[in-house]
Amino acid sequence: EILDAPLTETGRQQCINQRGVARVLNPQLVVVSPLQRAIQTALLSFAHAKETCPWVAHEGCREELGLLVCNKRRPLSEIQQDFSHIDFSAIQSEPDDLFHDTRRE
């Protein structure tokens with residue numbers, strides 16, 4: 001498995017196809033899970049909002065917290081480096097303290 005798996009090519013295309021719908025929403029704030037695939041989904045879907053509103057990562061947006069390695073986030077400093085325009089200040093720990101490899105949430 002892949003740690004903090006990226007969005008698949010199919011997922012990327014689905015996001016691009018939904019840009020018209022996302023544009024109508026005109027967000028004032030974008031809140032995303034700190035997982036790479038969730039951030040990529042938001043960036044591709046809400047590309048028009050990247051420069052027009054704040055972006056915040058929050059652990060409470062994660063859909064899964066355990067069992068599968070793809071649901072474990074990378075160290076916070078790595079994610080911050082890759083997505084520097086997103087505010088990660090709501091996330092308290094460098095490692096993924098919420099992930100448990102033996103159980104699902």
Side-chain angles (χ1 to χ4, degrees):
E1 286 191 71
I2 301 172
L3 175 69
D4 194 5
L7 196 59
T8 65
E9 188 55 41
T10 298
R12 289 177 177 280
Q13 192 56 53
Q14 289 171 336
C15 293
I16 291 167
N17 292 343
Q18 292 300 313
R19 280 185 178 163
V21 174
R23 185 175 297 279
V24 172
L25 296 175
N26 195 26
Q28 296 179 359
L29 172 69
V30 176
V31 181
V32 296
S33 159
L35 293 178
Q36 180 175 212
R37 66 184 179 271
I39 295 171
Q40 290 171 332
T41 296
L43 284 171
L44 289 169
S45 300
F46 293 96
H48 67 283
K50 184 176 177 186
E51 304 298 328
T52 61
C53 69
W55 288 60
V56 176
H58 195 283
E59 297 277 25
C61 295
R62 289 171 64 172
E63 73 278 15
E64 299 286 341
L65 295 174
L67 198 58
L68 304 174
V69 176
C70 64
N71 295 325
K72 182 177 183 178
R73 75 165 162 80
R74 293 178 298 146
L76 184 58
S77 58
E78 287 181 25
I79 303 166
Q80 288 173 313
Q81 188 173 7
D82 289 345
F83 304 104
S84 60
H85 72 285
I86 297 176
D87 177 1
F88 289 91
S89 63
I91 299 174
Q92 301 300 314
S93 64
E94 173 71 15
D96 187 352
D97 293 336
L98 298 177
F99 180 81
H100 299 280
D101 60 358
T102 58
R103 65 179 159 85
R104 216 174 227 165
E105 65 172 30

Inter- and intrachain pairs under side-chain hydrogen bond (donor to acceptor under 3.5 Å, both in side chains), touching residues 41-53, at least two apart: none
Heavy-atom closest pair, residues Ser33 and Ala38: CB-CB, 3.6 Å
Co-members of Ile2 in a cluster of I, L, V, M, F, W and Y side chains, linked at under 4.5 Å: none
Residue pair Asp4 / Pro34: nearest heavy atoms and the distance that separates them: OD2-O, 4.3 Å
Straight-line distance of Gln14 CD to Thr8 OG1, nearest 0.5 Å: 7.0 Å
Fellow cluster residues of Val56, listed by chain then number, with links counted only when side-chain atoms sit under 4.5 Å apart: Leu29, Val31
Joint cluster assignment, Leu25 & Leu44, ILVMFWY side-chain distance < 4.5 Å: no
Same apolar cluster: Val69 and Leu76, side chain cutoff 4.5 Å: no
Contact summary for Arg37 and Asn71, nearest pair of heavy atoms: NH2-OD1, 2.6 Å
Short side-chain to backbone donor-acceptor contact, Asp96 and Lys72, under 3.5 Å: no
Shared hydrophobic cluster for Leu3 and Leu7 (ILVMFWY, side-chain gaps under 4.5 Å): no
Heavy-atom side-chain proximity of Trp55 to Ile39 below 4.5 angstrom: no
Side-chain donor-acceptor pairs under 3.5 Å in residues 81-92, sequence neighbours left out?
{"from": "Asp82", "atom 1": "OD2", "to": "Arg74", "atom 2": "NH1", "distance (Å)": "2.8"}
{"from": "Asp82", "atom 1": "OD2", "to": "Arg74", "atom 2": "NH2", "distance (Å)": "3.0"}
{"from": "Asp87", "atom 1": "OD1", "to": "Ser89", "atom 2": "N", "distance (Å)": "2.8"}
{"from": "Asp87", "atom 1": "OD1", "to": "Ser89", "atom 2": "OG", "distance (Å)": "2.7"}
{"from": "Asp87", "atom 1": "OD2", "to": "Ser89", "atom 2": "OG", "distance (Å)": "3.4"}

Residue pairs fulfilling side-chain hydrogen bond (donor to acceptor under 3.5 Å, both in side chains) with at least one residue in residues 17-29, sequence neighbours excluded: Gln13-Asn17
For Ser93 against Arg73, the heavy-atom pair lying closest together: O-NH2, 2.7 Å
Residues in side chain to side chain donor-acceptor pair (under 3.5 Å) contact with Ser77, at least two apart in sequence or another chain: Glu94
Linked, directly or transitively: Leu43 and Leu35 (ILVMFWY side chains, under 4.5 Å): no
